[in-house]
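Structure record follows, encoded as structure tokens.
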There are 2 protein chains.
Amino acid sequence: MTEAGVTGLSLAEVARRLGVQPPSLYKYFPSLMSVYDALFLRGQREHLQAVRDAMTPAEPGLDAIRAGLDAGGRWCLEHRALAQLLFWRPVASFEPTPEALAPSNEMIALIRDQLVRAVATGQLGPAADSDEAVALISILTAGTLGQAMANEPQLGWGESRFSALFPTLIGLLPAAYPPVGNIPGEEPTGSSS
Amino acid sequence: MTEAGVTGLSLAEVARRLGVQPPSLYKYFPSLMSVYDALFLRGQREHLQAVRDAMTPAEPGLDAIRAGLDAGGRWCLEHRALAQLLFWRPVASFEPTPEALAPSNEMIALIRDQLVRAVATGQLGPAADSDEAVALISILTAGTLGQAMANEPQLGWGESRFSALFPTLIGLLPAAYPPVGNIPGEEPTGSSS
DNA sequence: GTCTATAGCCTGATAGAC
DNA sequence: GTCTATCAGGCTATAGAC
């Protein structure tokens, strides 16, 4: 996929590189699409693990979000073709099975959990505990990755001028969801409990 | 491309739908890649025109950026396959010719111009007149579009919960590039002219 | 679990008649 | 400018021997 594009994957070429004949592969995978599905599942799991591992030691809240997604971004640029299969769906005839999609739900839960922490510690306002905030964060992440991949095909996460902006972008979240009582000249509003 | 994916475009199918035989197409295009290049150029021009048309009547500065890129986003979701060819480069063996890439430079100039206006009118701080700010805006735009395309393949710009966040995202620019003198409790810094 | 053989498709591209 | 005919190759997938 790295060499021929995600859609360029072919069982014949896989067999060639394994040193076997194409029909042999059908003992392991019933179809080309099942190979995509296996790659999809493996990719989702690895990506999720990379994000989780980076989140765990970080300070809960915004720092954990930044650290986790930063690691996720690094993983994506280190596995570009796989990341494209996961997050841009370039193979028109491929629909991942529900099992392969499961880690993606865990990923959303991971972010949501840290948003709750950020609200609890006063880093963000209560509106940040929402699907909308998760969507906003996914825009920032996917946007950074998409621009890096399309415009800097040679550069890793550490060299990209787009990924360099990612901490700044996460730093804008408090402006989007201002903590109550932190806006000079305005009275705090919202629940008093 | 809409039906079979960007990489699924084939001259044989084009000929079939035109009601001609495949060799006839070679009188107009020397190769499949030259067809991609023609599509790329046409797409870039149409997209640029859509953005320009929406910018012109708007208030210069942030409003023009928001209006232009909003129209650009709408164009992209109305021409999804073409937009993918333009901005995500899914065809590994296709490299656009310099002529086909020219409108993209005009696009950058268009944004940069409005950033200058935004700085001049005090909507943004002087640091917004930079390649970095253009990159940041491109992240917000590509991120919104990418998430809308990947997760809401059926919805247009008007129905997308991602595109609904786009005005908010543009509204964060003043937080990223705060206008001088607008930060309570801090003294204005920078050039005094 | 690997192979040979093959069916049945598809593709981009060229030669040369009309 | 369109066609027929064709080259030369690719692919997924199956049948069935070993």
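- Checked by atom type and distance alone, the side chain of B:Glu159 pairs as donor or acceptor with a backbone atom of B:Gly156 at under 3.5 Å.
- When rounded to the nearest whole Å, the span between CG of B:Leu25 and P of D:dT4 equals 13 Å.
- Using modelled atom types, no side-chain atom of B:Gln84 and backbone atom of B:Pro90 make a donor-acceptor pair closer than 3.5 Å.
- Partners of A:Trp157 according to the side-chain hydrogen bond (donor to acceptor under 3.5 Å, both in side chains) rule, which considers only residues two or more places apart in sequence or in another chain, are A:Asp70.
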Subject >> Per-nucleotide protein contact string for nucleotides 2-14 of chain C, where B marks a base within reach and S marks sugar-phosphate only (heavy atoms under 4.0 Å, - for neither) >> reply: BBBB-----SSBB
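- A donor-acceptor pair under 3.5 Å is formed between the side chain of B:Ser24 and the backbone N or O of B:Gln21.
- Here the CH2-CG distance, from B:Trp75 to B:Leu145, works out to 10.5 Å after rounding to the nearest 0.5 Å.
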